[in-house]
Structure formats: structure tokens, C-alpha cells
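Numbers here are sequence positions counted from 1. As the structure lists them, so they are numbered: ligands from 1, and atoms in each ligand from 1. Note that this is a predicted model, so its numbers are computed, not measured.
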Amino acid sequence: MTVLVYLDSVGPQLSASQQEAFGVAAGLGPVAVAVGSAVSADAVAVLGAAGAQRVYAAEQDPSGSVAVGQADVLVGAVRASEAVTVLSSIEPIETEVMARAAALTESALITQVSAVEPATEGPLTAASGLAVRKDVLSGEWSSAVRPTTATAFLTLVPGVPASAQAAAQTAEVVTLSTGGREGAQIISRTPVVYDGRPDVSSARVVVSGGRGTDGDFGPVEQLADALGGAVGSTRDATDEGWIPHNTQVGQTGATVRPDLYIAAGISGAVHHVAGMRQSGTIVAVNTDMDAPIFDIADFGIVGDLNTVLPQAAEAIRARKQQG
Ligand SMILES: Cc1cc2nc3c(=O)[nH]c(=O)nc-3n(C[C@H](O)[C@H](O)[C@H](O)COP(=O)(O)OP(=O)(O)OC[C@H]3O[C@@H](n4cnc5c(N)ncnc54)[C@H](O)[C@@H]3O)c2cc1C
């Protein structure tokens with residue numbers, strides 16, 4: 001049965017979270033894509049190369065509306081494709097569209113999904129027959145969930161394992177109406193200036209600083225740049241105004257699963273750990289050898305971050321120069 005991947009828009013190449021959704025979908029069945037905006041020929045080629053057999057797209061960009069027109073496109077795509085499984089990332093706009101489309105089709109919406117597999121046992125009422133794992137409380141719990149409606153909408157956390165690679169296709173395009181409805185209007189847009197580094201939610205390397213930086217994130221940024229990673233932080237650091245809120249990791253910030261997470265000057269409070277404990281390798285730098293962060297670290301360095309981080313950044317730059 002066709003598996004539908006919902007994307008809000010398509011760039012010159014798929015983002016990491018979009019690729020992950022394709023990887024999960026390919027393990028479940030033939031892949032189709034619903035896009036909440038109009039698509040160019042280049043975008044269709046990108047989607048076909050990733051394995052989409054069919055692309056359902058808005059006939060025009062639903063400018064001026066938030067989620068309503070996009071959800072109408074997604075509902076149209078679900079009906080046309082007869083997909084029983086719809087996947088997206090946990091990006092806010094995609095989650096809004098998935099939630100609205102799930103409500104419109106009276107379907108299950110399962111957010112923060114960390115694994116999806118065909119179910120092999122137990123009573124199943126979902127046409128999809130899926131076994132789903134869902135992160136709860138920023139990953140402190142993992143729940144087994146079985147959708148019980150004919151169609152299930154699942155939003156995937158970053159780093160969800162891909163089960164297959166779909167073969168490249170020449171994707172067929174089907175355009176769908178946005179319905180002409182508007183639930184909320186965008187009245188102005190202000191560009192947000194980012195620091196040029198990867199987004200903390202999807203970066204493969206995150207270097208985070210806490211209160212131990214004493215407000216100077218320079219060493220954290222230097223090491224992040226040497227590694228090509230994102231800068232993260234604790235809530236104490238963002239509350240102090242030392243670093244923007246969009247870098248905060250934890251229960252009330254981003255949930256991250258990078259390959260490498262470096263925690264510098266961070267004590268390891270439960271609210272912070274909830275957002276990063278599922279990282280691949282965790283390195284902690286702290287002056288206090290009894291800091292709780294060392295309990296979950298794979299590697300620990302008892303030392304001053306102002307000494308350790310610049311040394312590490314220098315060593316990495318030197319190694320890179322050697323090739
Ligand atoms: C409802 C709720 C939600 C919350 N959500 C979040 C959240 O999403 N994310 C989050 O992070 N927090 C969150 N918090 C706050 C959380 O409980 C902690 O207060 C916070 O994570 C601590 O931040 P910290 O590790 O930077 O500071 P601290 O706990 O003060 O730790 C600082 C550490 O730096 C070390 N240090 C000091 N100087 C140096 C140095 N020069 N070099 C190396 N190490 C040094 C110290 O030994 C210490 O271990 C939440 C709290 C509540 C109540």
C-alpha cells in the first residue's frame with residue numbers, strides 16, 4: 001500500500017528530516033509525496049530521485065494562509081492515493097498540517113515517532129498494520145503505539161532510522177486544489193537572522209554550553225565551527241540572554257539526536273538531559289567531577305571549558321589541515 005510523505009516545500013535537495021521520512025516510507029511500501037505548495041520541474045526531479053512514484057502538489061502556493069490550504073491538499077492526496085500511512089517531520093508547519101488533515105479525515109495522529117515497523121503480532125485494526133514507537137517527555141519514555149484508524153498520520157523525530165532506500169523514479173505529478181479557504185492570515189514576515197550554523201534540531205554534531213560559560217559562548221562556538229556543528233544551550237543560558245532561545249536543548253527546548261553531543265559547563269539536570277540523552281556519543285566537559293552529566297557521558301573531561309574547548313578546536317583544525 002502506498003505510503004505518503006508530506007513535505008511543506010521542496011528545495012534543491014531534500015533536508016535531513018525529509019530524507020529520513022523517505023527512508024522510513026521506503027521500508028513500508030511504494031512512496032508518494034504530498035507537497036503543500038506548487039512544485040517546479042526541478043522539485044519533481046528531486047522527489048523522483050528520492051523514490052517518489054507520484055507527487056501530489058498544490059496547484060498554486062497557498063500564500064496568506066497557515067496550514068489550512070496545505071491540509072486540504074494533504075487530505076486530497078490521502079484520498080487520491082488511498083494511503084493508509086502518512087509521514088512527515090516534526091517541523092512545526094508540517095505538524096500543524098498533519099494535525100489538521102488527521103482531524104479532517106478522523107484519523108490517528110501520532111507525534112514524536114522514533115520508529116515505525118510493520119507489526120508482526122497482536123490485534124491490529126489499522127489497515128496499515130504498523131508498530132510505532134513514540135518518544136514521550138522528550139525521550140524519557142518510549143511508548144509502543146498501534147494506530148486503530150484506517151489511516152494513520154505520524155510525525156517523525158530527527159534521527160529515526162531508515163529501513164530502506166527507494167529506487168529512483170520518474171515521478172508523475174497530480175495537482176490538487178488548496179480549497180481557497182484561509183484559517184489564519186499571515187500579515188507580515190520578518191526574516192530571522194541565523195548564525196550560519198546548522199539548526200540544532202537536525203545537526204549531526206551539537207556543541208552546547210551552559211551556565212559554566214559564564215556568558216561567553218566564544219569557546220563553544222569555536223568548537224562547533226571546527227566540527228561543522230550547531231551551537232546548543234541550556235535554559236539557564238538562554239534565560240540569561242547569553243544565547244538565542246532557538247538553541248535551547250531539553251524538555252522545553254529542542255529534542256536532539258546528533259551523532260556527537262558535547263556538553264560544556266552543563267550540570268546535567270533532568271530537564272536538559274531529556275532533550276539530548278539519545279545522542280550517539282556524549283562528551284561532557286565540567287570542572288566538577290561529581291556533575292550528573294558525567295553519569296550519561298561516554299567520555300568525560302574534568303576541566304575548565306575555557307581551556308579544553310579551544311584546545312580541542314585547535315587540534316581539530318590542525319587535523320583538518322593535514323587532510
Ligand atoms: C519545567 C522546567 C523545564 C525546564 N526545561 C529545560 C530545558 O528545556 N533545557 C534546560 O537546559 N533546562 C531546563 N530547565 C532548567 C534545568 O532544570 C536546569 O536548571 C538547567 O538545565 C541548568 O543549566 P546549566 O547546566 O547550564 O546550569 P547549572 O546547573 O548551574 O550547571 C553549570 C555547570 O557548569 C559547571 N561549570 C562552571 N564553570 C565551569 C567551567 N569554567 N568549565 C566547565 N564547567 C564549568 C558547573 O560545575 C556546573 O555543573 C527546566 C526547568 C524546569 C523547572
TODO: Please test V33 against L7 for side-chain contact (heavy atoms from CB on, under 4.5 Å), starting from the C-alpha separation and ending with a verdict.
DONE: CA-CA 7 Å; V33 176; L7 309 176; 3.8 Å; yes
- [ ] Would you please test V86 and V78 for side-chain contact (heavy atoms from CB on, under 4.5 Å) and show each step?
- [x] CA-CA 8 Å; V86 188; V78 169; 3.8 Å; yes
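The local environment of CD in Q19 is crowded, with over 12 non-hydrogen atoms from other residues, nucleotides or ligands closer than 6.0 Å. In the displayed structure, E240 atom CD is contacted under 6.0 Å by more than 12 heavy atoms of other residues, nucleotides or ligands.
Checking side-chain atoms of E94 against main-chain N and O of D8 turns up a donor-acceptor pair under 3.5 Å. With T95 contributing its side chain and E91 its backbone, the two residues share a donor-acceptor pair below 3.5 Å.
The protein residues lying under 4.0 angstrom from ligand 1, judged by non-hydrogen atoms, are G210, R211, G212, T234, R235, D236, Q248, V249, G250, Q251, T252, G253, G265, I266, S267, A269, H271, H272, V285, N286, T287, D288, G303, D304, L305, N306.
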